[in-house]
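Worksheet: the structure to be examined is printed underneath.
Hydrogens, waters and symmetry mates are skipped; everything else that's a heavy atom, side chains included, is used.
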Amino acid sequence: MGAKLGSSGALGGRRRTDDELVEAHEINVTPFIDVMLVLLVIFMVAAPLATVDLGVDLPASTAEPQPRPDKPVFVTVKPDLSVAVGEDVITRDALTMTLDGATQGNRDERIFLRADKAVSYGDLMEVMNLLRNAGYLKIALVGLDGRS
């Protein structure tokens with residue numbers, strides 16, 4: 001609330017009765033507007049900085065690649081969604097029995113899974129689920145080396 005202050009008169013510091021304190025009925029909004037404009041500028045500058053993705057430069061790995069087994073077991077998903085173990089095309093129902101024969105029942109052996117580019121992610125996940133249900137949990141995805 002604002003108040004209008006009167007000046008003391010020349011009558012020895014006494015106040016005149018008509019110089020009473022008068023209540024002002026308007027709010028001084030200039031400081032409020034100044035604060036709001038400063039906050040607006042701060043948020044306009046800070047908002048784009050809050051949504052920027054962080055660029056991360058990952059370090060290079062010095063780990064040696066693991067040696068490839070002498071006879072790796074490859075499971076291939078072809079573009080027509082047929083499944084092959086090695087060079088033999090099999091049905092999905094026979095996958096467990098065929099892998100048991102190829103690995104001599106060793107379910108800890110790594111299975112190399114490769115798929116054509118035309119195979120969807122969902123179809124590849126179905127084959128991975130079949131391998132997991134068969135007990136083969138060590139699965140390596142095979143791709144081309146992009147460092148050319």
Any pair with a residue in [range] that passes side chain to side chain donor-acceptor pair (under 3.5 Å), sequence neighbours left out, goes on the list, sorted by first then second residue, please.
| range | result |
| --- | --- |
| residues 95-104 | D100-R107, D100-Y136, T103-Y136 |
| residues 81-90 | D80-S82 |
| residues 31-49 | none |

**Item:** I111 CD1 to K138 NZ distance, which is reported to the nearest 0.5 Å
**Value:** 11.0 Å
**Asked** How long is the gap from CG on L131 to CD1 on I139, to the nearest 0.5 Å?
**Response** 4.5 Å
**Message:** Please give me the minimum heavy-atom distance between V77 and L81, naming the atom from each residue.
**Reply:** CG1-CA, 4.3 Å
**Prompt:** Closest heavy-atom contact between A118 and D116?
**Reply:** N-OD2, 2.9 Å
**Message:** Strictly by ring-ring contact (aromatic ring centres under 6.0 Å, His included), give each pair with a member in residues 80-126 just once, sequence neighbours left out.
**Reply:** F74-F112
**Request:** Provide the full list of ring-ring contact (aromatic ring centres under 6.0 Å, His included) pairs with a residue in residues 75-95, sequence neighbours left out, each pair given once.
**Result:** none
**Asked** If you group Ile, Leu, Val, Met, Phe, Trp and Tyr by side-chain heavy-atom gaps below 4.5 Å, do M125 and L130 land in one group?
**Response** yes
**V41-M36 co-clustered via ILVMFWY side chain contacts under 4.5 Å** = no
**Request:** Check step by step if side-chain contact (heavy atoms from CB on, under 4.5 Å) holds for V85 and V73.
**Result:** CA-CA 7 Å; V85 174; V73 178; 4.3 Å; yes
**Prompt:** For N129, does its backbone N or O pair with a side-chain atom of N133 as donor and acceptor, under 3.5 Å?
**Reply:** yes
**Prompt:** Within a strict 4.5 Å, meaning less than it, do heavy atoms of the L113 and M128 side chains meet?
**Reply:** yes
**Qualifying residues under side-chain hydrogen bond (donor to acceptor under 3.5 Å, both in side chains), relative to T30, sequence neighbours excluded** = N28
**Item:** Sequence-distant partners of L137, side chain to side chain contact (heavy atoms under 4.5 Å, CB included), two or more places apart
**Value:** R132
**Message:** Checking I42 now: which residues fulfil side chain to side chain contact (heavy atoms under 4.5 Å, CB included) with it, not counting sequence neighbours?
**Reply:** V38
**Message:** Under the criterion side-chain contact (heavy atoms from CB on, under 4.5 Å), I'd like the reasoning laid out for I33 against L37: C-alpha separation, chi angles, the key distance, then a yes or no.
**Reply:** CA-CA 6 Å; I33 292 172; L37 287 175; 4.0 Å; yes
**Item:** Steps toward side-chain contact (heavy atoms from CB on, under 4.5 Å) verdict (K78, V89)
**Value:** CA-CA 9 Å; K78 296 186 174 191; V89 177; 3.6 Å; yes
**Asked** Considering residues at least two apart in sequence or located in another chain, which fulfil the salt bridge (charged side-chain N to carboxylate O under 4.0 Å, His left out) criterion with E126?
**Response** R92
